[in-house]
Amino acid sequence: MNRRNFIKNTTASGIALWMPIPSIFEKEQLTKLTILHTNDVHSRIDPFPANSGRMAGLGGAARRYQLIQEIRDQEEQVILLDSGDMFQGTPYFNYFQGELEIKLMEQMKYDAATIGNHDFDGGADGLVKQMRQASFPLINCNYTIEHEGLHQITKPYRIIQKGPIKIGVLGVGIELDGLVPEKLIANTRYNDPIKAAQPVATFLKEEEKCDLVICLSHLGYQYRNEKVSDLVLAKSTRDIDLILGGHTHNFLEKPAIQSNIDGQPVIINQVGWGGVWMGRFDLLFEKNKPGRCLNCQPLLIG
Amino acid sequence: MKKIWLLSGIFLFLTACKSKQYVQHLAKAETAHIKLDTTATADAAIEAMISPYRTTLQREMSLPLGELATTLKKGKPNSNLGNWFADILEEAGRFIFQNKPIDFAFQNYGGLRLNAIDKGTIKVGDIYSLMPFDNTLCLMTIDRATLQQLLNLMAANGGWPISKPLSYTLQEEQAIDIQVNKMSIAERDSFHVLLPDYIANGGDDCFFLKAIPRHNSHLYIRDIVIEYLTKLQEQGISSPVDTTRRILVKK
Ligand SMILES: [Zn+2]
């Protein structure tokens, strides 16, 4: 995409996203990457019914699909991710065991999803059976998975190339003990997410030279106790740029910024639950020499 | 559809790369939470895909389960919805675990996902909305210290639904004056408790229950409640709603 096009696209949508400073360097190239994300959709295929309080009338898979399509029509580079708990919460799951949830995600062309505790509610067998309809993988690096089928469809990371931008996606999940009945998880074991995620993130950043490393997390945003949360994961690791979280159903007013172990900023986001919000990031990448960036701006939240 | 632009601009040098090659700097980041409300249009092809599933569910979910004379509302520490639900668990549990002693039933507050059930006809769909999770009903025998620990946890959470035979006073996030069938728990050493498997397995910080043996009915609580209400309906009885305060609050 050339820059003229890029500017035209953004102003056409009614919002001037950014006005790049005219460049005197010829080598500078800008690429826009749009990241769309959901978490804890919990089988909410229809909008919330009228008796749902603040959630009434919100959400719905057909609306989400339409919105995703509109964004795909406008933007050249789009990735779509989910942070777990696709399943459980409406009779759609109880009656059809997640068949429609995955069918719809496949239509929406999700690129990856991580495993939430409720995704085990139909057992490991049930999850595998439904994921057979999907061409996107489950991403997790901190579960030891003995179930053969689940092991096959779960990857520690996925690399997605979007134009000139290389994106590494890893995933972490919550302790299942006490959350999911033992017989459903088929001996899946939880390992420390910090210890599991660090080598994967470093591999993606250093070895694979990913331009952006995203961690899909179903750990939860924040806890009062010692439990590993997205905030703890962010401050205890390096090489992760963006954590897209879930599990605690936080409607974050805006994404949080947490310094990592090296003092570099990590963006953390979560978009409530039930599919009433969809998260969107528009990232602008500038191809330039190391240490030289004409369009780089200091972090601003507001 | 409202777009909220929240974050503009980020400064992130990818410092790791020491080569003279070009790198991709993350120059700016903007984010939005896109709210899917009634102004968002629904894709027709997707609607058509959902439609046959929805039709099946609507038929099942609209089946009636009797009449409610008053609206049931969820609340802490006491609520008519909580009392109603816990009493049904106890009644149904006595039928399921026949010949086993039972003292009371409780339900974790977070497991009930509806704020209210309107008066009038209760439908199968209401019970699915109230109890979407596949929790099963268990029976467990616990000692006095464990009961105290359990009720302290409930008290610290502001009070969970409990069935009629149990009462206590909530003071400074602790449970005091605990009584079962109007008798102080100091008189007894063990208690027979009906509870969701999620809690028995250590959920909601109930880790201290994990190692205790239990009888698992392997029946979903949701299905138990639906069956119980169906039976009452067949007999022309409406389900009793008891409004006595089982938890007293002392400042
Ligand atoms: Zn969830």
In terms of heavy-atom proximity below 4.5 Å to chain B, should [X] be classed as side chain, backbone, both, or neither?
X	answer
A/Pro49	neither
A/Gln107	side chain
A/His37	neither
A/Pro47	neither
A/Tyr92	both
A/Val271	side chain
A/Asn269	side chain

For the student: nearest non-hydrogen atoms of B/Gly93 and B/Leu137, plus distance: CA-CD2, 3.9 Å
For the candidates [options], which exhibits the highest count of non-hydrogen atom pairs separated by less than 4.5 Å from chain B?
options	value
A/Met278, A/Glu99, A/Glu182, A/Arg64	A/Met278
A/Asn94, A/Ile165, A/Ile45	A/Asn94
A/Ala62, A/Gly275, A/Gly279	A/Ala62
A/Ser43, A/Pro164, A/Gly53	A/Pro164

A/Leu36 and A/Leu80, any side-chain heavy atoms less than 4.5 Å apart: yes
Any B/Lys35 side-chain heavy atom under 4.5 Å of A/Val276 side chain: no
Audit row: A/Phe48, A/Trp273, ring-ring contact (aromatic ring centres under 6.0 Å, His included) steps and yes/no: CA-CA 11 Å; A/Phe48 277 79; A/Trp273 70 283; 5.2 Å; yes
With a 4.5 angstrom heavy-atom cut-off, which part of [X] approaches chain A: side chain, backbone, both or neither?
X	answer
B/Arg222	side chain
B/Ser129	neither
B/Leu114	side chain
B/Asp197	side chain

Residue, of B/Glu60, B/Met131, B/Lys210, that accumulates the most heavy atom pairs under 4.5 Å with chain A: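 Between B/Glu60, B/Met131, B/Lys210, the count favours B/Glu60.
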Pairs of heavy atoms under 4.5 Å with chain A: top-ranked of B/Met49, B/Met61, B/Arg54: B/Arg54
Donor-acceptor side-chain pairing of B/Glu67 and B/Ser238 below 3.5 angstrom: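 There is no such pair (donor and acceptor under 3.5 Å, judged by atom type) between the side chains of B/Glu67 and B/Ser238.
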Flag if over 12 foreign heavy atoms under 6.0 Å of NZ, B/Lys100: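 Buried by this count: over 12 neighbours within 6.0 Å.
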The single option from A/His118, A/His249, A/Gln88 passing side chain to side chain donor-acceptor pair (under 3.5 Å) against A/Asp40: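 Result: among A/His118, A/His249, A/Gln88, A/His249 is the only option passing the side chain to side chain donor-acceptor pair (under 3.5 Å) with A/Asp40.
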Aromatic plane relationship, A/Phe251 with A/Trp277 - under 30° parallel, 30 to 60° tilted, over 60° perpendicular: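 Ring orientation, 0 to 90° scale: perpendicular.
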Aromatic plane relationship, B/Trp160 with B/Phe106 - under 30° parallel, 30 to 60° tilted, over 60° perpendicular: parallel
Working for side-chain hydrogen bond (donor to acceptor under 3.5 Å, both in side chains), residues A/Gln69 and A/Asp73: CA-CA 6 Å; A/Gln69 284 312 113; A/Asp73 288 345; 4.9 Å; no
Output field: ring centroids B/Tyr198/B/Phe133 closer than 6.0 Å: no
